[in-house]
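These notes concern the structure reproduced below.
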Amino acid sequence: MARKFWVHTNRNTEITAAVTNIAHYSESVQREIKKSIQESTKAVFDGAIKRVPVRTGELQRSMKMRFGRDQLSGFVSANAPHAHLVEFGASAAYIEPKKKKALKFNGRYASHVFIKARKAHPFLRPAADDEKGRLEKRITEAIEHGRH
């Protein structure tokens, strides 16, 4: 089963206010804000796909993009069971059987297993960080354009 993890990006106060109070803007500004969120979510997805290390392709194929019902939030996820290990890395581990005398791993039996530390290869965080400034600029421009 895949372990869920989140990579959050913090929005500045103007964007948070714009999304929270979207009903106060004209329909054209609302459309521009939603369009900006969709474009930025797609850009994060594309950036993560480009950055993800590919060995078997499972991690890359597990990546999905979706939007909230209100179209004011976008989500990019990597659903492979090892996605969090690639994004954040992992320390070394020593595994022994708890109930049996041996472990079975890839068709082989062992009394214990040592797994080396794995270096992090972030792909979601850098993609989100790269797009954050562009999203802020798009939404700010949409609001300013609507005021004139």
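One-based numbering along the sequence shown.
Residues Glu58 and Pro81 meet the side-chain proximity criterion, which asks for heavy atoms closer than 4.5 Å. Taking 4.5 Å as the limit, some side-chain heavy atom of Ile95 sits within range of a side-chain heavy atom of Ile115. Leu124 has its side chain within reach of Met63: a pair of non-hydrogen atoms, C-beta onward, lies under 4.5 Å apart.
Annotation: the span from Met65 atom CE to Phe75 atom CZ amounts to 12.5 Å, rounded to 0.5 Å. From Tyr25, atom OH reaches atom CD1 of Ile143 across 4.0 Å, with rounding to the nearest 0.5 Å. With rounding to the nearest 0.5 Å, the separation of CG in Leu103 from OH in Tyr109 is 11.0 Å. Expressed to the nearest 0.5 Å, how far CD of Glu131 lies from CZ of Phe45 amounts to 14.0 Å. Distance CD/Gln71 to CD1/Ile37: 9.0 Å, rounded to 0.5 Å. For the atom pair OG (Ser77) and CZ (Arg66), the distance works out to 7.0 Å, reported to the nearest 0.5 Å.
For residues 44-56, the set of pairs meeting the side chain to side chain donor-acceptor pair (under 3.5 Å) definition, not counting sequence neighbours, comprises Lys42-Asp46, Arg51-Asp130.
Under the ring pair (Phe, Tyr, Trp, His ring centres under 6.0 Å) criterion, His24 pairs with no residue at all, not counting sequence neighbours. Glu96 meets the side-chain contact (heavy atoms from CB on, under 4.5 Å) test with Tyr94, His112; sequence neighbours excluded.
Here the options are Val76, Asp129, Leu135, the test is side-chain contact (heavy atoms from CB on, under 4.5 Å), and the partner is Val44; only Val76 passes.
Counting only distance, with no hydrogens or angles, the side chain of Gln60 and the backbone of Ile49 share a donor-acceptor pair below 3.5 Å. Of the possible donor and acceptor atoms, none in the side chain of Glu32 sits under 3.5 Å from a partner among the backbone N and O of Ile139. For the pair Glu87 (side chain) and Phe123 (backbone), a donor-acceptor distance under 3.5 Å is present.
Checked for salt-bridge contact, Glu141 and Arg138 miss the test: no charged N lies under 4.0 Å from a carboxylate O.
The shortest heavy-atom contact between Ala78 and Ser62 is C-OG, 3.8 Å. The two residues Gly74 and Thr41 make their nearest non-hydrogen contact at CA-OG1, 3.4 Å. Minimum interatomic distance between Ser111 and Pro97 (heavy atoms only, all atoms of both residues): O-CD, 3.1 Å.
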